[in-house]
Amino acid sequence: MALAVTNAEGEKTLQLEMPVRSWIELSEERLANNFQVLRERAGSATCVLAVVKANAYGHGEEHCAIALAQAGATWFGVADVREGAAVRRALAAAGQSRAEILVMCGLLPEDVPAVTEHRLSVVVWTLDQVTALRSAAGSKLHVEIETGMGRQGVRPGAELDQLLDAISDARLVFAGLMTHFCSAEVVGSARTRQQQTEFERAVQQVHARGLRPHWVHAGASSTLNDPDWDPSWLSQLAESLNAQPMVRCGIALYGYCNPLQGGSPQIAPKLSPVMTWKTRVLDIREMLTGNCIGYDSTFVVTGPMRVALLPVGYADGLRRSLSSTNRREGGWVLIRDSRAPILGRISMNLTMVDVGAIEDVASGDEVILLGDGIDADDHARFAGTISYEILCGIRRP
Ligand SMILES: *Cc1c(COP(=O)(O)O)cnc(C)c1O
């Protein structure tokens, strides 16, 4: 359960218990501000679908969906029907019964009853999916067009014709047409242009058949971050089908964005991280010259040193690549607003940090593992990955 609490800095936050000896604090204010930044950039005509898949990128899908609904979000994107059911229940309990929930990452035959039960919209691209959904007549389908992502999607032309026929035969509702860009963080990408052209072809095909879905959607956080992105491309495409335009944003809601390549970012500077991941000091010990720290003794103490033990490790999502050796600095945590460098190898459930430069550290002191001062981009740099993987890798509450 989430508790509304005022944290040590006097900010109002939602606190989520973790099954481990750490917790995350969410700033609902930052979440709402980030959503507002996206809405402004998307343009007033365009709906911003809030992506809350993967436990809202590690932030807790139920609480984020409720906070976003209160900030004005009407559409929510989840990966599968299990997440869809959880978000539906949470929103209903908060009195947000009109929200639309889109299952974006595929459907298995056993998922079909949940589609009806929880009033989920579903992204489809295969005849098998449409066949499976026959027992859920009236369900709203969003057809994904393959334009270059090579992941999900039906190709424009004969394949799309067949799929649209099957949808109307099964008395299902063709409610949306969508695609997903693979290189949105590259400004002026020829790939994105090709994908746009291919998507236009699908829109024309749907138009020629006289079909009118309610929604046309494309683009994610990086799309809105691109200075060359013109929201009118999408709104004109939608208008040609009498549909509403929509973009689907995830990472930016939580305050992050992939680095933009080749231009100045439009939204990234206006976003702030929503999550602070915290723990407490478990123990403090004085180490002497020659003492070793952690597995493989990758760090050897070269002078008297005060070391704090933290009750988190890689099992909790603190990536082992933040470990250090005497020759290579690693990551750090923040205690009393100062950096405490990680010493030696991070263990499964424990981590040691250098607190020699921080006065009066005591067992029980609060520690920031990730937040302002050491964010998910910093963790990602050490781990050779992206902020997305760091955030959704923090162990689920
Ligand atoms: C995850 C996802 C998004 C959101 O992407 P961000 O880069 O996090 O904004 C949008 N569309 C689809 C289909 C996705 O799977």
Side-chain angles (χ1 to χ4, degrees), residues 31 34-39 41-42 46-59 61 64-65 68 73 75-81 83-84 87 100-107 120-125 129 141-154 175-187 189 191-192 195-196 199 202 215-226 229 231 234 245-261 265-268 270-271 273-275 376-377 380 385-393:
L31 187 61
N34 294 338
F35 180 62
Q36 211 47 49
V37 167
L38 294 170
R39 275 177 126 178
R41 174 68 178 120
T46 302
C47 177
V48 175
L49 175 145
V51 179
V52 293
K53 69 190 179 196
N55 198 26
Y57 295 44
H59 294 66
E61 64 204 354
C64 288
L68 286 161
W75 271 91
F76 298 86
V78 295
D80 54 36
V81 297
E83 287 183 346
V87 170
E100 303 272 7
I101 300 172
L102 181 64
V103 175
M104 303 192 302
C105 302
L107 190 81
L120 306 175
S121 299
V122 191
V123 170
V124 297
W125 65 95
Q129 291 165 332
L141 309 191
H142 291 227
V143 171
E144 179 158 353
I145 304 298
E146 158 63 5
T147 59
M149 181 75 180
R151 185 173 74 172
Q152 300 184 165
V154 55
L177 190 68
M178 58 153 323
T179 196
H180 193 45
F181 299 132
C182 61
S183 302
E185 71 281 1
V186 183
V187 177
S189 163
R191 280 218 187 86
T192 305
Q195 289 194 270
Q196 287 179 299
F199 192 49
W215 298 96
V216 170
H217 46 114
S221 301
S222 290
T223 307
L224 299 186
N225 203 26
D226 179 345
W229 170 253
L234 188 62
M246 183 154 75
V247 289
R248 306 173 305 264
C249 297
I251 195 76
L253 292 172
Y254 310 105
Y256 293 91
C257 227
N258 264 343
L260 190 73
Q261 296 169 32
Q266 293 302 290
I267 57 165
K270 301 180 191 162
L271 304 171
V274 167
M275 175 196 293
D377 288 322
T385 183
I386 53 177
S387 56
Y388 299 65
E389 191 185 349
I390 298 297
L391 293 169
C392 71

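For ligands, and for the atoms within them, numbers begin at 1 and follow the listed sequence. Treat the numbers as computed from the prediction; the structure is a model and nothing was measured.
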> Mind checking whether Ser221 has an N or O less than 3.5 Å away from an N or O of ligand 1?
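It does: an N or O of Ser221 is found under 3.5 Å from an N or O of ligand 1.
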> Of all the atoms in ligand 1, which lie at a distance below 4.0 Å from a heavy atom belonging to Arg248?
4 (C), 9 (O), 10 (C), 11 (N), 12 (C), 13 (C)
> Please report whether ligand 1 has a polar contact with Gly250, defined as an N or O pair separated by less than 3.5 Å (distance criterion only).
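Looking only at distances, the answer is yes, because the N/O contact criterion of under 3.5 Å is met.
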> Tell me which protein heavy atom sits closest to atom 12 (C) of ligand 1, plus the residue, atom name and distance to 0.1 Å.
His180 CE1, 3.5 Å
> For atom 7 (O) of ligand 1, find the nearest protein heavy atom and state the residue, atom name and distance (0.1 Å precision).
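Protein heavy atom at minimum distance: Tyr388 OH, 2.6 Å.
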> Classify the angle between the aromatic ring planes of Tyr57 and Tyr388 as parallel (below 30°), tilted (30 to 60°) or perpendicular (above 60°).
tilted
> For atom 14 (C) of ligand 1, what is the nearest protein heavy atom, given as residue, atom name and distance?
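Answer, as residue, atom name and distance: Lys53 NZ, 2.9 Å.
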> Look at atom 5 (O) of ligand 1 and say which protein heavy atom is nearest, naming residue and atom and giving the distance to 0.1 Å.
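Nearest protein contact, heavy atoms only, for atom 5 (O) of ligand 1 is Ala220 CB, 3.5 Å.
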> To the nearest 0.5 angstrom, please state how far the OH atom of Tyr256 sits from the CG atom of Asn34.
10.5 Å
> Below 4.0 Å from ligand 1: does a non-hydrogen atom of Ser222 turn up there or not?
no
> Can you tell me how far the CZ atom of Phe181 sits from the CD atom of Gln196, to the nearest 0.5 Å?
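Reported to 0.5 Å precision, the distance equals 4.5 Å.
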> Does Trp125 have its ring centroid less than 6.0 Å away from the ring centroid of His180?
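They do not qualify: ring centres at least 6.0 Å apart.
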> Where on Ile251 is there a heavy atom closer than 4.0 Å to ligand 1, on the side chain, on the backbone, on both, or on neither?
both
> Between the side chain of Thr46 and the main-chain N/O of Pro245, is any donor-acceptor distance below 3.5 Å?
no
> Quick one: does Asn225's side chain have a donor or acceptor within less than 3.5 Å of a partner on Ile267's backbone?
yes
> State if His142 counts as touching ligand 1 under the rule of any non-hydrogen atom under 4.0 Å.
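No, His142 has no heavy atom closer than 4.0 Å to ligand 1.
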> Test your reading of the model: is there a side-chain donor-acceptor pair from Ser183 to the backbone of Val186, 3.5 Å cut-off?
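Looks like no, no N/O pair under 3.5 Å.
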> Would you say Cys249 and ligand 1 have an N/O pair spaced under 3.5 Å apart?
no
> Run the numbers for me: atoms of ligand 1, each under 4.0 Å from some heavy atom of Tyr57, listed by number.
1 (C), 4 (C), 5 (O), 6 (P), 8 (O)
> Any chance you could measure Gln266, atom CD, to Trp229, atom CH2, to the nearest 0.5 Å?
13.0 Å
> CE of Met104 to CD of Glu83: how many Å apart, nearest 0.5 Å?
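If we round to the nearest 0.5 Å, Met104:CE and Glu83:CD are 8.5 Å apart.
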> Within the 4.0 Å heavy-atom shell around Arg151, which atoms of ligand 1 are there?
15 (O)
